[in-house]
Amino acid sequence: MKDKSRSINPLRAAVVGGGIGGLSAACSLSRRGIGVTVFEQAETLGEIGAGLTIFPNALRQLERMGLGEALAAVGAKIGDGSEYYRADGTVVGPMTMSDSSGWNGIYGMHRADLLNALAASLPSSTIRTGHRCIGFEQNALIARLKFANGETAEADIVIAADGINSVMQKYVVEPKPPEYSGVRAYRGLIPREKLPGWPEEAQQVWIGDGKHFMVYPVRSGRLLNYVGFVPSKNAMTESWSAVGDRQELASSFAGWDPRVVRLLESVETCFWWGLFDRLPLQSWTRGRLVLLGDAAHAMLPHLGQGANQAIEDGVALSVLLEGRDPAEVPDIVQQYEKLRRVRTDIIQAEARKNGLRYDSKYANLAQRDREIANSGAFRKSLFDYDVEKVAIAHLEQSQRSLD
Ligand SMILES: Cc1cc2nc3c(=O)[nH]c(=O)nc-3n(C[C@H](O)[C@H](O)[C@H](O)COP(=O)(O)OP(=O)(O)OC[C@H]3O[C@@H](n4cnc5c(N)ncnc54)[C@H](O)[C@@H]3O)c2cc1C
């Protein structure tokens with residue numbers, strides 16, 4: 001526990017991976033006075049990707065980091081008119097789009113817009129692109145990283161935010177490939193003006209036999225992000241840039257609600273990726289190395305929480321690290337894992353279950369509809385969670401137990 005009377009050495013953190021988890025962790029760490037450098041393999045940040053949703057549980061953290069205005073400028077408000085439909089367009093029920101206080105802090109965001117907003121809030125010297133990490137070692141005092149470009153770096157803590165196919169994971173647990181869900185996702189963006197009359201602020205999900213289709217706005221509402229989830233036996237490596245066949249996509253949803261068919265007629269280019277996740281890992285930490293985001297708890301996208309949970313991770317870790325001595329890192333990262341797993345283990349499992357609902361893998365569809373219509377309480381519990389408060393309460397509890 002932090003003892004303010006004693007002098008401490010300032011912590012130096014190295015983050016491997018400049019995705020949403022890595023950059024938001026860097027923002028959170030710098031806000032708490034921890035020196036941080038992010039090493040990203042790509043030459044440019046965030047050139048790939050489409051839409052993702054930022055929900056109240058992550059937005060309240062990003063706003064505290066001072067990103068409120070930047071996100072309001074590029075996000076698309078989502079709330080009114082959000083609904084679940086059956087494949088024929090009949091309504092299953094409304095989608096819960098606010099926390100228990102009634103706050104509708106939800107944006108549809110282009111991944112690149114979110115990454116740019118995070119990067120712009122950090123000093124440019126914090127982010128080192130063109131740094132693919134290829135090696136890691138540590139001793140009791142320090143951790144060292146090796147990069148493909150021949151450079152090396154040292155830090156008191158290494159935060160591995162290098163995604164679902166993490167190269168750093170093998171320094172923590174026995175390596176295993178991610179698990180293929182049997183589903184391929186086609187996704188893309190359509191200028192809103194191509195679909196006059198499309199609802200302004202709605203997230204819409206159509207659920208059908210083995211498939212589902214989702215639409216929501218991004219980039220200040222100027223673009224509509226769509227994703228069509230269809231079964232596919234071919235387990236392909238996860239990729240965000242493989243070009244999909246738009247005819248194949250359209251024929252997968254032929255005969256569905258005319259709104260879906262109309263939208264798919266406007267598609268010019270689409271991309272696809274295979275959906276993978278992992279079962280909870282045995283451990284997230286070893287000594288001075290800690291996993292964060294998809295590297296720690298890759299999950300299916302059916303609750304839209306992948307990016308949101310990565311953001312929560314960074315906040316929890318930075319609260320626990322603030323004002324602490326480098327010698328304490330191995331103990332702190334274990335506390336971080338304990339604190340976070342209580343939440344992410346459940347969300348990983350619930351994302352899988354929600355996928356079964358959305359793909360109608362139910363003998364009794366009335367039961368599916370009831371579960372979806374009653375999902376509001378669970379969604380509110382996701383949105384209400386305030387990870388900063390939870391981490392601070394954990395510190396206070398640890399302090400009390402030492403007093
Ligand atoms: C290119 C890309 C596009 C995506 N697009 C979408 C999308 O459209 N919709 C959606 O919902 N989710 C998308 N995701 C996933 C979503 O961003 C993540 O689930 C979530 O944000 C968790 O973030 P993360 O930071 O843990 O992982 P990621 O966002 O996957 O970021 C990991 C980062 O680590 C970097 N990296 C990997 N290996 C190394 C290495 N050895 N050395 C240095 N850097 C390394 C990667 O280049 C990447 O920038 C995308 C992910 C990626 C990588």
Side-chain angles (χ1 to χ4, degrees), residues 14-27 37-55 58 62 107-115 118-119 127-136 145-149 151 153 158-171 178 185-189 203 214 216 218-219 223 225-227 229 237-242 270-278 284 290-314 317 340 344 347-348 351:
V15 177
V16 177
I20 291 155
L23 292 189
S24 56
C27 292
T37 309
V38 179
F39 298 97
E40 164 60 39
Q41 64 181 0
E43 295 297 334
T44 325
L45 282 182
E47 59 233 9
I48 325 169
L52 45 84
T53 318
I54 292 299
F55 287 109
L62 295 169
Y107 288 124
M109 306 261 333
H110 193 294
R111 185 173 179 271
D113 294 340
L114 177 54
L115 287 174
L118 289 165
I127 304 170
R128 315 275 304 273
T129 53
H131 280 67
R132 182 163 63 85
C133 184
I134 53 166
F136 170 82
L145 292 167
K146 198 170 147 196
F147 301 97
N149 61 11
E151 288 190 30
V158 168
I159 300 166
D162 55 343
I164 186 168
N165 295 307
S166 169
V167 294
M168 303 299 289
Q169 213 181 62
K170 64 175 177 287
Y171 300 107
Y186 290 90
R187 68 185 169 86
L189 299 164
Q203 177 153 19
M214 175 182 291
Y216 57 88
V218 299
R219 195 159 281 166
L223 296 173
N225 179 75
Y226 66 85
V227 194
F229 299 85
T237 316
E238 212 205 38
S239 157
W240 292 98
S241 52
C270 67
F271 297 87
W272 61 261
W273 84 99
L275 295 192
F276 291 79
D277 70 352
R278 289 179 189 275
W284 295 5
V290 58
L291 305 177
L292 177 145
D294 281 3
H297 45 66
M299 52 186 68
L300 293 176
H302 306 309
L303 288 172
Q305 281 288 329
N308 294 269
Q309 289 308 304
I311 293 165
E312 286 189 8
D313 286 349
L317 189 56
R340 292 299 299 146
T344 60
I347 297 176
Q348 276 177 299

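Position 1 is the first residue of the sequence, and the numbers go up from there. Each ligand, and each atom within it, is numbered from 1 in the order the structure gives.
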- Item | Student check: side-chain heavy atoms of Arg111 and Asn225 closer than 4.5 Å | no
- Task: Look up atom OG1 in Thr37 and atom NE2 in His131, then write down how far apart they are to the nearest 0.5 Å.
- Result: 9.5 Å
- Message: Using a 4.0 Å cut-off to any heavy atom of Arg132, which atoms of ligand 1 qualify?
- Response: 41 (N), 42 (N)
- Task: Could you tell me which atoms of ligand 1, counted from 1 in the order shown, lie closer than 4.0 angstrom to a heavy atom of Ala50?
- Result: 7 (C), 8 (O)
- Where ligand 1 meets Val16 - atom numbers and elements under 4.0 angstrom, heavy-atom basis: 42 (N), 43 (C)
- Task: Heavy-atom contacts with Gly51 under 4.0 Å: which atoms of ligand 1 show up? List them by number with element.
- Result: 7 (C), 8 (O), 9 (N), 10 (C), 11 (O)
- Query: Given the rule in the side chain to side chain contact (heavy atoms under 4.5 Å, CB included) test, do Leu189 and His110 qualify, once you have shown the distances and angles that lead to the verdict?
  - Reply: CA-CA 9 Å; Leu189 299 164; His110 193 294; 3.6 Å; yes
- Query: Strictly under 4.0 Å, does any heavy atom of Ala161 approach an atom of ligand 1?
  - Reply: yes
- Mark up the atoms of ligand 1 that fall under 4.0 Å of a heavy atom belonging to His131, in ascending order. 42 (N), 43 (C)
- Item | For Cys133, the ligand 1 atoms whose distance to one of its heavy atoms is below 4.0 Å | 40 (C), 41 (N), 42 (N), 43 (C)
- Task: Under the ring pair (Phe, Tyr, Trp, His ring centres under 6.0 Å) rule, collect the residues that match up with Tyr171, sequence neighbours excluded.
- Result: Phe136
- Query: What atoms of ligand 1 come closer than 4.0 angstrom to any heavy atom of Phe39?
  - Reply: 43 (C), 44 (N)
- Message: Within ligand 1, which atoms have a heavy atom of Gly21 less than 4.0 Å away?
- Response: 23 (O), 24 (P), 25 (O)
- Item | Separation of Arg340 CZ from Gln309 CD (nearest 0.5 Å) | 5.0 Å
- Task: Look only at interatomic distance and state if Gly293 has a nitrogen or oxygen under 3.5 Å from any nitrogen or oxygen of ligand 1.
- Result: no
- Please confirm whether Val167 comes within less than 3.5 Å of ligand 1 when only nitrogen or oxygen atoms on both sides are compared. no
- Message: Please classify the Gln41 to ligand 1 contact at 4.0 Å (heavy-atom distances, strictly less than): side chain, backbone, both or neither.
- Response: both
- Kindly compute the distance separating CZ (Arg278) from CD1 (Ile164), expressed to the nearest 0.5 Å. 6.0 Å
- Item | Aromatic plane relationship, Trp284 with His297 - under 30° parallel, 30 to 60° tilted, over 60° perpendicular | tilted
- Scanning both residues in full, the closest heavy-atom pair of Pro178 with Asn165 reads CG-OD1, 3.6 Å
- Item | Considering all heavy atoms, the nearest Leu52-Ala307 contact | CD2-CB, 4.2 Å
- Can you find an N/O atom of Glu40 closer than 3.5 Å to an N/O atom of ligand 1? yes
